[in-house]
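Structure first, commentary second.
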Amino acid sequence: MTPQDLDPSYEPRRGSRNLTHRDADWSDLRILVTGLGISGFAAADALSDRGAIVTAVSADATSAIVERARILEILDVDVRLGPEHLLDVPEGTELVVTSPGLRPDHPLLLAAAARGIPLWGEVELAWRMRTQWGAAPWITITGTNGKTTTVKMLTSILRAAGLRATSAGNVGTPLLEAVLHPEPYDVLAVELSSFQLHWQRSVMPVASVCLNLAPDHIDWHGSMQEYAKAKAKVYTGTEIACVYNVQDPATEQMVRDADVVEGCRAIGFTLGIPGPSMVGLVDDVMADRAFVEQRKTSAAELASLSDLRGDGPPMAPHNVANALAAAALARAYGVGALSVRDGLRAFVPDPHRIAEVATVEGVRFVDDSKATNPHAAGASLAAFEHVVWIAGGLLKGADVNALVASVAHRLRGVVLIGADRDQIAQALARHAPDVPVVVVPTTDTGVMDLVVAHAGGLAQRGDVVLLAPAAASMDMFADYGARGDAFAVAVHRHASRHEGPPAS
């Protein structure tokens, strides 16, 4: 049973419908904030500043959390650290602002719902903390993969159009901080995870997109159906355009089912030739047949694929799709074609996203440590013809059989690491029995030198050694960034060992 089952109305006893902007009467409202990460700290601070009586609880007591607790206590926030404080809701609580770290079936949240106490997430709170008049509109982005890249592409385009814009939410600036910034933004590009979307119900973006949908975070949501339901909420209340992935019918169905503002349009993005009301590719040109007057017979040129690559190699197909989605969102907001081109030219990908590390004896080593689930790894592998694949980590319940079957013909060899390496090995035995597989059993973080050496030994000139683990990193590394950094260091050591003798 979830809190929604217990209390679908979710209105505080005094009526949260009145709490629609930062200058509403928040005074003396008894609010419980769960979690003291960056967003929880910001929530407690903002609510206390507006006169609410705030209690903040955290199961953890890291040095960063203890420091935040000290600051909040100076602001008269009642801070309680330790797991024993997350068993029940303090007496008199009228509203709970919860962290994405708590699953919907957490005992504290179920207890709150059973008492009729409403539950908000950080996104719901941030939306209700905007100014009453002239608040910056939101453009919202979700999807199983590609969210951060698309949000940052969109932000680059918006800035190229002369707008004061920032990436916020699950990336970049914390959402509440962006909303409360003393120098208001013109527009926010907001990345939303399924955890954040689960609790939101009031947001009305000007444009929105779900980039793709594949199994992920089932352990948090309880089922694929609930995960998809959370993702679909990105479209609720959209005012101008719901953007969907033509190659992913599930996202189009989300748009069909969405409760949107009258007159909101459905806009597709595709790696193929676009039809009317779509953005897509014509040869190597990004073409807009959605935001032009004669869209049945004409198109606007937005950018070329060469604009996406800069001085680097061609952009992988899934990142071209991300660029098309970002362009569609920007065009929905009224951005001109030249600004789309200039923004995409200026965009610099984040580390660990199909990043070229080095070429050693004709073999390219590529870091896509951010590919933390099978869907992301599949997109990465599809960008290359012959691959030595480095995979493994924490699969979080994901099934890799379909992934392995779809990429088996590309695999020159596979090197497996991490806690769930045996599951990938079993899938390879089923679907790619002739592909050489090296299993590296140790989970020591220093093992990456051995992994790179094995991968280099399997590769042939012209191949790509690709770190695209299809799994989370926390069994061996602090995060996917640390995993990618370890890979890059090992590749550079590998390269130094294969350098020829100095010229005489």
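Predicted model only: the values in this text are computed from it and were never measured.
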Checklist line | Test item: R22 side-chain N/O and V179 main-chain N/O as donor-acceptor pair under 3.5 Å | finding: yes
Note to self: Is it the case that the side chains of T34 and T98 hold a donor-acceptor pair, with the cut-off being a distance below 3.5 Å and no angle test?
What the structure shows: yes
Checklist line | SB check R70 E73 (cutoff 4.0 Å) | finding: no
Check: Can you find a side-chain donor-acceptor pair between S58 and D60 that sits under 3.5 Å?
Finding: no
Margin query: Donor-acceptor pair, distance only, cut-off 3.5 Å: does the side chain of R130 make one with the backbone of W127?
Written below: yes
Next item on the list: Please tell me if the side chains of H85 and L81 come closer than 4.5 Å, counting only heavy atoms from C-beta onward.
Entry: no
Notebook entry, point to check: Does a donor on one side chain sit under 3.5 Å from an acceptor on the other, for N145 and N212?
Noted result: no
Item checked: S194 (side chain) donor-acceptor with A230 (main chain) under 3.5 angstrom -> no
Next item on the list: Check for a donor-acceptor pair, side chain of R115 on one end and backbone N or O of V89 on the other, with a separation under 3.5 Å.
Entry: yes
Item checked: T55 side chain near T93 side chain, heavy-atom distance below 4.5 Å -> no
Check: Side chain of W199, backbone of E122: donor and acceptor closer than 3.5 Å?
Finding: no
Notebook entry, point to check: Are the side chain of Q200 and the backbone N or O of S202 linked by a donor-acceptor pair below 3.5 Å?
Noted result: yes
Item checked: Lys/Arg cation over aromatic F291: R265, 6.0 Å, 45° cone -> yes
Checklist line | Note, M476 side chain near V447 side chain (heavy atom, < 4.5 Å) | finding: yes
Checklist line | Check: L211 main-chain N/O paired with N245 side-chain donor or acceptor under 3.5 Å | finding: yes
Margin query: When you compare the side chains of T142 and K231, does any donor N or O come within less than 3.5 Å of an acceptor on the partner?
Written below: yes
Next item on the list: Report yes if the side chains of L72 and F41 come closer than 4.5 Å at any heavy-atom pair, otherwise no.
Entry: yes
Item checked: Parallel, tilted or perpendicular: rings of F195 and H221 (30°, 60°) -> parallel
Notebook entry, point to check: Among D420, D216, D475, whose salt bridge (charged side-chain N to carboxylate O under 4.0 Å, His left out) with K396 holds?
Noted result: D216
Check: Is it true that a side-chain atom of Y235 and a backbone atom of C210 form a donor plus acceptor pair closer than 3.5 Å?
Finding: yes
Next item on the list: Return the minimal non-hydrogen interatomic distance between P174 and I38, and the atom names on each side.
Entry: CG-CG2, 3.5 Å
Next item on the list: Report the distance from atom CG of D88 to atom CG of L108, rounding to the nearest 0.5 Å.
Entry: 7.0 Å
Margin query: Among V203, L192, V123, exactly one meets side-chain contact (heavy atoms from CB on, under 4.5 Å) together with L197. Which residue is that?
Written below: L192
Item checked: Donor-acceptor under 3.5 Å (T140 side chain, S208 main chain) -> no
